[in-house]
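Here the structure comes first, spelled out in C-alpha cells, and everything after it is commentary.
First the proteins, then the strands, lettered A, B, ... as listed; each starts at 1.
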Amino acid sequence: MEAFSELLEQLYFTSSNNAKAALIIDYLKRTPDPDRGWAIAAMAGTLRFDFFKRNTVKQLMLERIDPVLFNLSYDYVGEMSETVAHLWPGQTDAPSQGLPSLGELVEQFSTAGRQQVKPLLAEYLDQMSAAQRWSLIKLGTRGLRIGVSARSMKQILARYGQTQVEEIEALWHGVSAPYTELLAWLEGRADKPDISEEVTFHPVMLSHPLDEKTLTAIEPAEWQIEHKYDGIRVQLVSTANGKALFSRTGDDISQSFPDLLEDIHEHCVLDGELLIMHGTQVDTFNQLQQRLNKKKPAKKLIDSLPAGLMVYDILADAEQSLTALPLAARREHLQRFIENSASDRLHLSAVWPANSAEQLRERYNQASDDTAVEGLMLKRTDSHYVPGRPKGLWYKWKREPKLVDAVIMYAQRGHGKRSSFYSDFTFGAWQDDTLLPIGKAYSGFTDEELKKLDNWVRRNTVGRFGPVREVAKALVIEVAFDAVHPSTRHKSGIALRFPRFHRIRWDKPANEADTLETVKSLMET
Amino acid sequence: MHPQHWMSVASPGLYCRPADLYIDPMEPVAQAVVTHGHADHARSGHQHVYATHQTLAIMTTRYGEEMAQHTSGVDYAQSVTLGEPDDPVVMTLYPAGHILGSAQVLLEYRGARLVISGDYKRRADPTCPPFEIVPCDVFITEATFGLPVFTHPPIEHEVDKLINSLQVFPHRCHLVGSYALGKCQRVILALRQAGYTKPIYLHGALIRLCQLYQQQGIELGELIAVNDVEDKATLAGEIVIAPPSALADRWSRALPDVRTVNASGWMQIRARARQKQVELPMIISDHCDWPELIQTIEEVNPSEVWVTHGREDALVYQATQMGYKAKALSLLGYEDEQETG
C-alpha cells in the first residue's frame, strides 16, 4: 500500500503523459503480483466492487468531528477523500510503514462482513499519513482521478509489453483484475490469454462533431447518412456462453433490459441506440430515463415502456468478426441479420441518402423537425470499425440548440479541477415578479469566464444554505439546451435537457430575461 | 464603551471614529495605521500613515518616498494618542509574527480594549518577533486558513521535500513560486538552516525586498539575479525563486527543464496545486493554521471575537462553540485566496 500511495501521489502532480507512463512502468517492474494488477484495475477503473461506501467514510468521519465544520470543510475542498484525509485526527506527515499490501487490502475488504468494514477502515485510517488516507479512500470508493484513463492504461501496458495497443484493446474486456495472465503474457512468460468465447464488451467507435469546414468539404455520396436518435448508445453481445447489453463505456446494463435480450439467440455483436419503442414508434428520452438504473424493473414498467434497439452497426455475425470490413459491407451483413432475426425488438436504422450539399442540408432540416431525433450521423461508407474516436470517419451533426435568457439564482462550488470555484449554477425564468428555477448548468464557459463568475458570486452573495450561495438576481446568462420537457419535480413544471452556458450577458438587466411562458413555448408536443 | 459603538466597516476598510483612523484602508484616507507591508494591506496615497519602522521601509521600497504625505514610525509596545485630547484613543502596536514589521493594533477607548490582529502566525519565524498575546475585550482575527482541514506541517519537513527533489532530479531547474515579501525570505532562511549553501537565484521582482531584509540585518546567504546569469542552462539543478504569477509566465521558459514548486498554505489542497500545475507543492504559510487560530482565541480569551477575511463561517462557528460571542466582519478588497497564503 505504501508504494501504491506514493505512486498515486506522484501521478497526481505529474502532468506529462510520458512521465506518467514512466512512473507506472517503473511501478509494474518493481511490484509483485497480484498487487500491481490491482493497481492497474484501480487506475483503469475496472475494480468490480467498492471496499466501502462513501457514506461509511462520512459516518466514520462524523463520529470524529462536528458536522457543521465537516460540511464547511467538504464544501471548500470539494472532494470527500481529501477532506477526510486532512480532517482525520492523528498524524499527518510521516508516511506510515508496515501497512498491508494492496492485494491483502483487496482480500480483507472483499471478505469483511458488514459489521467489520467500519472498524477495519478506521484502524487503517488511524495508522496512515494524510496522503495514504487519501489513496485508500480513493481506491476503496473507486474514485481515483489521477489523469490516467483506461485508454492510456492500455497504451502503457502495450508499451510495457512492447506490443500494439490494439492487442490490449481486443483482450481488455476478456481479462480481469489482478491481470496475472495478461502481465505474464506481456512479460513473455506465458501465451496470450484466450477470450474467444467470453461475453465481452468491444470498445466502440465514436464520432466527432461536424464543423462548417468539414461540412463544405463533404461529398455526400461517399457517406452513409442516418438519423441520430435521442437514446443511449449500447452494444448487444450474444455468444454461446451468454448474452449481455453494455453501455458505451462497457458497463453491463443487461439487468435493466431483460425484454430486449429475451429474444436474441444469434451469435452477434450489435451497435445501436437503446430507445423506448412502441412497435416502430420511438418514445422520448424522458421515458427512457424511467428505465435506466433499475436493477430489477417491474413487469408493469417493462410492458408500458418496452425497450427497443435501433441497430446501426454489426461488429460480429456468427463467429465472424466484421470490424475490418468497410461500413458498406457491414451494412449488408446487418440488413440480412435483422431480416433473419426472430426478435421484433431489433430495428434497422434507416439511411437517408443525399446526392448534393443541398439535399444533405434538407435531410438535416427534416431531422431537426423530428422530436425523436437529435440530428444526423454521417459515416464514411468505406470506414472500418475503429475503436476510439478516429479522425475523419464518423461525424455527428446535432440540431441547433434552443436558447433562452435566464437569471442566475444560486451557485455551488465545483469538484476536482474546479475545486473551490463556484461553478455550478441554478438559473431561473420570470413568472410575473418572481424567478422560478428552471435548471442547472456547469459547463459552456471558459476558464477565464469561470474565474469571473466565481468572483461575481463572492461579491453578490445574499444568502447561504449550507454549501449553496444565493446570489443577487442580477446576472443574465444565455442558456443553450436540447429540449424542454414537462416535469413534476420542479416548481417551474419543466425540465431542460442538457442545459449549458451559451453566453454570459454581463450587459443585460435581469428584468429583461425571458419568462417561464417563453421557455414553455419551446416545448415540443 | 463597547467597540461596536466606535468601530465600523466603511468602504476604505475598518474605521475607528473617535480617532478618525482607518486600519489597512484600501483607498487613500486622512489617517491610517498599516499592520504590515503586503500589498493588500499597505496602499500608497494616504495623508498620514502609522506603522512600524520596518513596515514603512517596506512601503517606501515598494511605492517610493512619496508613498504618503506624513509617516510616523512606531516601535512595538509604544503608545500613540489620537483623537480629542479630552477623549483620546490610545493606539499601541504589538508583534504579529506574520512578516518583517508586522503588527497587531491595540486600540483603547473609554475603558474598552480592541485588538486587530492583522495577519498573524504562531510558528517561529526568524525574520520577526513572535506574536504576542494582548488581553482585550474584542479580538479581531483573520481567518485565511479558517477551516479544520488546514494544518500546516513544520517548515523543515517541507524544505526537505525540495532538497530531496534536487537529489532525485539533479538536472532540473527547481522553480519555486513564493510571495515576494516574507515568504520568499523565509524559504531562503529555511533552506540555509537545512544546510543549503549554494547561491539561490532570484526573479527580478524579489530582489529589492531581499536587499531590504539584508539591510535589516537578516542574513540570506548568496543571492544572484536570474537576469545576471548569462547562460541559463547553468541553472539546471539550481533553485530559482519567483513570484507565483511568474511560474507559468514566458519568463520561466528560458529556464532548463523546469520543475514547478510552489510554497503556499494553499498547497495543502491537492486540487489547488494541480490547478496551478505545480509538481511539488510545499505547504508553507505565514498565517495560522486551524489549531493555531483556536489556540490564539483561547489564549487571548476576549469577551468577543470578530472574524475577517478568509473562511469566516467556520471560525465564527467554532468560537461560538467555545463560548465566545463571535461574528464575521465582511471586509472587502483583501485578497481572498491569493498569493499571500
Query raised in the report: Tell me, do A:Leu69 and B:Trp290 make a side-chain contact under 4.5 Å, heavy atoms counted?
Result: yes

Query raised in the report: Taking everything shown except A:Lys58 itself, do over 12 heavy atoms lie less than 6.0 Å from its NZ?
Result: no

Query raised in the report: Checking A:Thr83 against chain B: side chain, backbone, both or neither under 4.5 Å from a heavy atom?
Result: both

Query raised in the report: Measuring heavy-atom distances to chain B, does A:Ser73 have an atom under 4.5 Å in its side chain, in its backbone, in both, or in neither?
Result: both

Query raised in the report: Hey, is CZ on A:Arg30 packed in by over 12 heavy atoms from elsewhere, all under 6.0 Å?
Result: yes

Report summary line: salt bridge (charged side-chain N to carboxylate O under 4.0 Å, His left out) pairs touching residues 59-73 of chain A, sequence neighbours excluded, are A:Glu63-A:Lys118

**Report entry** Atom NZ of B:Lys161 with >12 non-hydrogen neighbours under 6.0 angstrom
**Finding:** yes

Requested in this report: Taking all heavy atoms of B:Ala314 and all of A:Leu72, pick out the closest pair and write down the distance.
Outcome: CA-CD1, 3.5 Å

**Report entry** Partner set under side-chain contact (heavy atoms from CB on, under 4.5 Å) for A:Asn460, not counting sequence neighbours
**Finding:** A:Trp456, A:Ala472

Query raised in the report: To the nearest 0.5 Å, what is the distance between CG (B:Asp313) and CG (A:Asn71)?
Result: 12.0 Å

Requested in this report: Give, as side chain, backbone, both or neither, the part of B:Gln277 having an atom under 4.5 angstrom from any heavy atom of chain A.
Outcome: neither

Query - Closest heavy-atom pair and its distance - B:Glu279, A:Phe13 - result: O-CB, 3.3 Å

Query raised in the report: Does any heavy atom of chain B fall under 4.5 Å from the side chain of A:Gln10, the backbone, both, or neither of them?
Result: neither

Query raised in the report: Stepwise, does the side chain to side chain contact (heavy atoms under 4.5 Å, CB included) test hold for A:His86 with B:Thr151?
Result: CA-CA 8 Å; A:His86 292 317; B:Thr151 47; 5.8 Å; no

Query raised in the report: What part of B:Val278 gets closer than 4.5 Å to chain A, counting heavy atoms only: side chain, backbone, both or neither?
Result: backbone

Query - Heavy-atom proximity to chain A below 4.5 Å, by part of B:Gln268 - result: both

Query - Closest approach of A:Glu82 to B:Arg270 (non-hydrogen atoms, all atoms of both residues) - result: OE2-N, 2.8 Å

